[in-house]
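First listed ligand is number 1; within each ligand, the first listed atom is number 1. Numbering starts at 1 and runs along the sequence shown. Side chains are part of it too, since the values below use all heavy atoms of this structure and drop only hydrogens, waters and symmetry mates. Just so it is clear, the model here is predicted, and its values are computed rather than measured.
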Amino acid sequence: MRLKIIAGNWKMNKTNAEAVELTRVLVDLVGDREHPRVVICPPFTALSEVARTLTGSKIHLGAQNVYSEESGAFTGEISPAMLLTSGVSYVILGHSERREYFAESDQMVNAKVKMALQAGLLPIVCVGERLKEREAGLTEVVVGEQIDGSLAGLTEEQIAKTVIAYEPVWAIGTGKTATPEMAQDVHAFIRNRLKSRHGAVADEVTIQYGGSMKPDNASGLLSQPDIDGGLIGGASLKAEQFAKIVDSV
Ligand code: PEP
């Protein structure tokens with residue numbers, strides 16, 4: 001059985017007080033859940049306070065980015081050690097918003113993935129095609145290149161620790177969701193690609209779906225054989241909605 005993971009990407013939302021409040025409600029609703037694994041990813045500024053609020057619960061803490069160097073003159077960046085000492089265990093890397101607004105390439109994502117794994121963080125690596133690319137029949141070309149580039153040079157052991165999030169860019173924050181069949185096709189493609197590059201360990205890799213996942217579409221998506229959880233944006237900011245998605249696994 002592959003590990004199922006529901007992760008909430010809070011993006012650039014929530015002051016510290018708001019983050020603690022949302023966390024308290026989540027601890028009440030899903031704080032005792034081990035299956036699926038629940039991960040919340042608040043902004044950097046709230047990590048330490050959210051970590052304290054999570055004490056005693058089974059919810060894991062994630063960050064939304066990390067830099068690919070250990071320390072030094074990199075103004076504004078955050079290192080893996082800083083995250084670890086803030087109670088973080090997961091880190092989202094290569095989200096389409098980072099690729100789009102901050103020009104993150106597969107090479108940069110790859111450097112971050114390697115640094116995160118070396119430090120003991122578990123990466124959630126995001127891939128996904130834009131609408132124009134899907135319409136041009138390029139989904140597998142684009143996603144295949146992102147998978148190869150972002151995970152280049154990882155050992156089998158490192159691949160086993162890596163989570164992939166398939167997030168079609170056209171479905172993020174738009175209310176448009178891939179149908180369960182469309183998502184399953186790409187998830188199966190990703191698993192086969194991982195198999196061809198990294199071997200049988202591909203069967204152990206958790207592949208999440210992300211893109212307007214909500215309580216009313218979650219169970220259809222999560223019942224597909226290669227969809228092992230979700231990366232949730234908008235609905236993760238509403239405790240009841242997020243908890244319902246957790247419940248539908
Ligand atoms: C995301 O940004 O990772 C995401 C899936 O967002 P949303 O659920 O809002 O589409």
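- Heavy-atom proximity to atom 7 (P) of ligand 1, evaluated over Ser212, Ala165, Ala7, is greatest for Ser212.
- When each atom of ligand 1 is checked for a heavy atom of Gly211 under 4.0 Å away, the hits are 5 (C), 10 (O).
- On a distance-only criterion, Gly173 and ligand 1 share at least one N/O pair closer than 3.5 Å.
- With a heavy-atom cut-off of 4.0 Å, Ile172 touches ligand 1 through backbone and side chain alike.
- Residue Ala171 places a heavy atom under 4.0 Å from ligand 1.
- With respect to Arg33 and Asp247, a salt bridge is recorded, a charged nitrogen being found less than 4.0 Å from a carboxylate O.
- The environment of Arg98 atom CZ is dense: over 12 non-hydrogen atoms of other residues, nucleotides or ligands sit within 6.0 angstrom.
- Not close to ligand 1: Ala235, with no non-hydrogen atom less than 4.0 angstrom away.
- Considering Glu104, Lys11, Gln64 as possible partners of Glu97, the one that fulfils the side chain to side chain contact (heavy atoms under 4.5 Å, CB included) test is Lys11.
- The nearest heavy-atom contact from the protein to atom 5 (C) of ligand 1 is Glu167 OE2, 3.1 Å.
- Using a 4.0 Å cut-off between charged nitrogen and carboxylate oxygen, Arg130 and Glu133 count as a salt-bridge pair.
- Surrounding NZ of Lys176 are at most 12 heavy atoms belonging to other residues, nucleotides or ligands under 6.0 Å away.
- Note on Arg193 versus Asp148: salt bridge recorded, some NZ/NE/NH1/NH2 to OD/OE distance being below 4.0 Å.
- Looking at Ser96 against ligand 1, nothing comes within 4.0 Å, counting heavy atoms.
- The protein non-hydrogen atom at the shortest distance from atom 8 (O) of ligand 1 is Gly233 N, 2.8 Å.
- Of the protein's heavy atoms, His95 NE2, 3.2 Å lies nearest to atom 1 (C) of ligand 1.
- Geometrically, ligand 1 and Gly234 share a nitrogen or oxygen pair separated by less than 3.5 Å.
- Atom 2 (O) of ligand 1 has as its closest protein heavy atom Lys11 NZ, 2.5 Å.
- With respect to the salt-bridge test (charged N to carboxylate O, under 4.0 angstrom), the residues Glu129 and Arg134 qualify.
- Ionic pairing of Arg37 and Asp228 is not present here: no N-O contact between side-chain nitrogen and carboxylate oxygen is shorter than 4.0 angstrom.
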